[in-house]
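Each chain gets a letter, A, B and so on, in the order the sequences are listed, and its residues count up from 1.
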2 protein chains.
Amino acid sequence: MNLKQLSELLGLSQTTVSRALNGYPEVNEATRERVLRAVKETGYRPNKAAQRLATGKAGSIGLVMPTAPGDYSDVHFGEFLTGLGEEAVRHDFHFVIMPADANDEMGALRRLAISGDVDALFVAYMRGHDPRVPLLKSLSVPFLVHGRSFGSEPDYPYLDIDNEGAFYDATKLLLQLGHTRFALMNGPEPLDFAIRRKRGVIAALAERGLELPEDCISHTPMTDEPGQAAMERFLQLPEQPTAVLCSSTVLALGAIRAVTQAGLKLGEDISLIAHDDVLPHLKPENFSVPLTTTRSPLRAAGVRIAQRLIGTIKQEGPFPEQELWKTELIVRASTGAAPSR
Amino acid sequence: MNLKQLSELLGLSQTTVSRALNGYPEVNEATRERVLRAVKETGYRPNKAAQRLATGKAGSIGLVMPTAPGDYSDVHFGEFLTGLGEEAVRHDFHFVIMPADANDEMGALRRLAISGDVDALFVAYMRGHDPRVPLLKSLSVPFLVHGRSFGSEPDYPYLDIDNEGAFYDATKLLLQLGHTRFALMNGPEPLDFAIRRKRGVIAALAERGLELPEDCISHTPMTDEPGQAAMERFLQLPEQPTAVLCSSTVLALGAIRAVTQAGLKLGEDISLIAHDDVLPHLKPENFSVPLTTTRSPLRAAGVRIAQRLIGTIKQEGPFPEQELWKTELIVRASTGAAPSR
DNA sequence: GTGAATTGTCAAAGCGCTTTGGAAACACGT
DNA sequence: ACGTGTTTCCAAAGCGCTTTGACAATTCAC
């Protein structure tokens, strides 16, 4: 069933039917009713490709799905996507996901933009001096960045959380508890959030004249195994750290395993603060020692990003071009006073 | 830059350029070279919407993304998607993801099929007597089901793992170890895999004249919290089970917490076998007591499903319409002889 | 009852591509 | 010179929709 057939069936022109469907005012209410009823009966659906060709609007948001296994954890990706989807479904938008391995992100992005398949692009997992920013700017497709790109002029639309502030505050808390030997379990080094979190820690330490030694920093994928390995390494250091900051609750999972296996007590021998993206299957309050966290729900970020993106496409703006969300510091049992050794 | 402009630039007709690009034989190699070079220089990309309208082929696979939070764990969804993507990228396919909440899956599926946006559909999280199967059959779009629908004639294309066999074997193992009191931590009751896994357990028990009491079965979302709650409930039963089967390593995570908190020893007081979808961040061999599992990589299933779907679209078949993958039973430390009480 | 303003409808052009059905252009043997 | 094949290219017709510009039909003011 297509427009032509439907219009013939109704004895109307395609124009009228099309207008009736798209809510144009210049069509009689009675006629519109009639059309709508016929649509229901016949199950007619406009062909999206044709619609797209005619309007230039696709009703979809493009994103490049990283396929490199283990490059970053897909737990976070899935959770974020759920947020995006939650909002998209309200506007009858969908996503065109183009999978691409890490070394062809740029190409995939470009193809997606030029294909006419999407009205807007979304990118995440930003790195420092990320080459995708200039690419996107040159692409004449609206876009929105999740995160930022350290070192680039922040003149593009983004939504980010205050990574530096979060880890600054967390470090401050640990300092107040008397800790002096710190370690940081971070995500992959090039990633923007990793850069900023490290800066936050270093800044807070610097205020007390402390430093973060290189061997007290780990950069690993955000899964539990590397977390365990990293913590094991820290625990073997001659100057064992007593305060550990951790970029993800997933990493913390492994870290805690290492602490337990070493016969140490979390919140006593070792204090730990992790960043919590609020993954539904991993609640820091349920850890055997509930975890102190810097919290910022990933899913909510997804919802907001979809909102802004769809709003931009529908020209419903104006939205703020740059948003920086504060995180919450939630104190639980994994942080305690520094052991008096 | 569009075809017309490009052809004018080259002094050729649109036909010839189009043919050159799509590898038709009736065009001079020299001409083709010339065209290809021009494409590189101008960065021309065919408009997908137009291509789609003309050919009826979309180069994409549609799937409905469940947005209902907690309905089933998105961890599994993300991992599976990665597998799909891994294969899709090799064929320059992409996915159109239509988010939909649980009560509009059918509508979303239908819309996707009729929209002309996709050349094939994929569905998962099958339930018993799933109404989506008849819908898909009526839709005249090729489709592939991940899992099966218990109670429906298995005459549709699917890829499933042998859930019944897996849990039958696992139960057998525990029986051999002398266990007689069993419990099953399952996924949501309507889901096909839950139905079959339960059957597997019951079948194995029946061979020894044993039964699985109703209060030794839990049906919960596949996340750790409900897993913990379920196990806590089991442990308070007058006839405490000693052997527990678990539908996911994520559930097991919670279950083990409950066991530990009750002061019991995994692999001694309680034997546990979980199904392992091989989630990259949750390795059963790294659990503090390594977990005995029935293994079947979800990602590999994703790859295979993409292969079949794309092959079908490109008419490269024939593929087997039905595939049933065996699982591996991997014995680790979480299973031991029944305690002699 | 007239002309102007408003309303409801339509025919046709176009969006950018593929594909059908020819038609030039060239080669070849006779 | 002619017919016969091949090769290489093209004009034009869709694909299913939206949208422009125009035209009947209706309403209104006076």
How close do B/Ile310 and B/Ala88 get, heavy atom to heavy atom, and via which atoms? CD1-CA, 3.9 Å
Between B/Val17 and B/Leu53, which has a closest nucleotide on DNA chain D that is more 5'? B/Val17
Quick one: B/Arg52 CZ to D/dC15 P, roughly how many Å, whole number? 18 Å
Treating A/Glu323 as the side-chain partner and A/Asp160 as the backbone partner, does any N or O pair qualify as donor plus acceptor under 3.5 Å? no
Keeping the roles fixed (side chain from A/Arg132, backbone from A/Ala124), state whether a donor-acceptor pair exists under 3.5 Å. yes
A/Asn47 side chain vs A/Ala49 backbone, donor-acceptor pair below 3.5 Å: yes
Regarding the side chain of B/Asn2, the nearest nucleotide among C/dG16, D/dG16, D/dC10 is C/dG16
For A/Gly59, is there any backbone N or O sitting under 3.5 Å from a side-chain donor or acceptor partner on A/Arg52? no
Any donor-acceptor pair under 3.5 Å linking the side chain of A/Glu79 with the backbone of A/His76? no
A/Arg45 CZ to D/dC17 C1': how many Å, rounded? 15 Å
Picking from C/dT20, D/dG16, C/dT18, the nucleotide nearest the side-chain atoms of B/Gln51 would be C/dT18
If you measure from the Lys or Arg side-chain nitrogens to the Asp or Glu carboxylate oxygens, is any gap between A/Lys137 and A/Glu153 under 4.0 Å? no
Just the rounded figure in Å: distance from C1' of D/dT18 to CZ of A/Arg19. 9 Å
In degrees rounded to 10°, what angle is found between the helical axes fit to the five outermost pairs at each end of the helix from C/dG1-D/dC30 to C/dT30-D/dA1? 40°
A/Thr55 near the nucleic acid: base, sugar-phosphate alone, or nothing, with a heavy-atom cut-off under 4.0 Å? sugar-phosphate
Under 3.5 Å donor-acceptor, A/Asp277 side chain and A/Leu279 backbone: no
Round to the nearest Å and state the distance from A/Asp117 atom CG to C/dG16 atom P. 15 Å
A/Ser60 side chain to A/Asp117 main-chain N or O, any donor-acceptor pair under 3.5 Å? yes
Looking at residues 7-16 of chain A, who's got a heavy atom less than 4.0 Å off DNA chain D? A/Gln14, A/Thr15
Report the distance from atom CD1 of A/Ile114 to atom C1' of C/dC17, rounded to the nearest whole Å. 16 Å
Please list residues of residues 22-35 of chain B whose heavy atoms come under 4.0 Å from any atom in DNA chain C, ordered by number; otherwise none. B/Asn22, B/Tyr24
Rounded to whole Å, CG of A/Asn47 lies from P of D/dG14 at a distance of 18 Å
Would you mind reading off the distance between B/Leu3 atom CG and C/dC17 atom C1', rounded to a whole angstrom? 6 Å
What is the distance from NZ of A/Lys4 to C1' of C/dC10, rounded to the nearest Å? 15 Å
Please check: side-chain N/O of A/Arg308 versus main-chain N/O of A/Pro320, any donor-acceptor pairing under 3.5 Å? yes
Using modelled atom types and a 3.5 Å cut-off, is there a donor and acceptor pairing between side-chain atoms of B/Arg45 and backbone atoms of A/Arg111? no
Per the side-chain contact (heavy atoms from CB on, under 4.5 Å) rule, which among A/Val145, A/Leu309, A/Leu136, A/Val64 passes with A/Phe122? A/Leu309
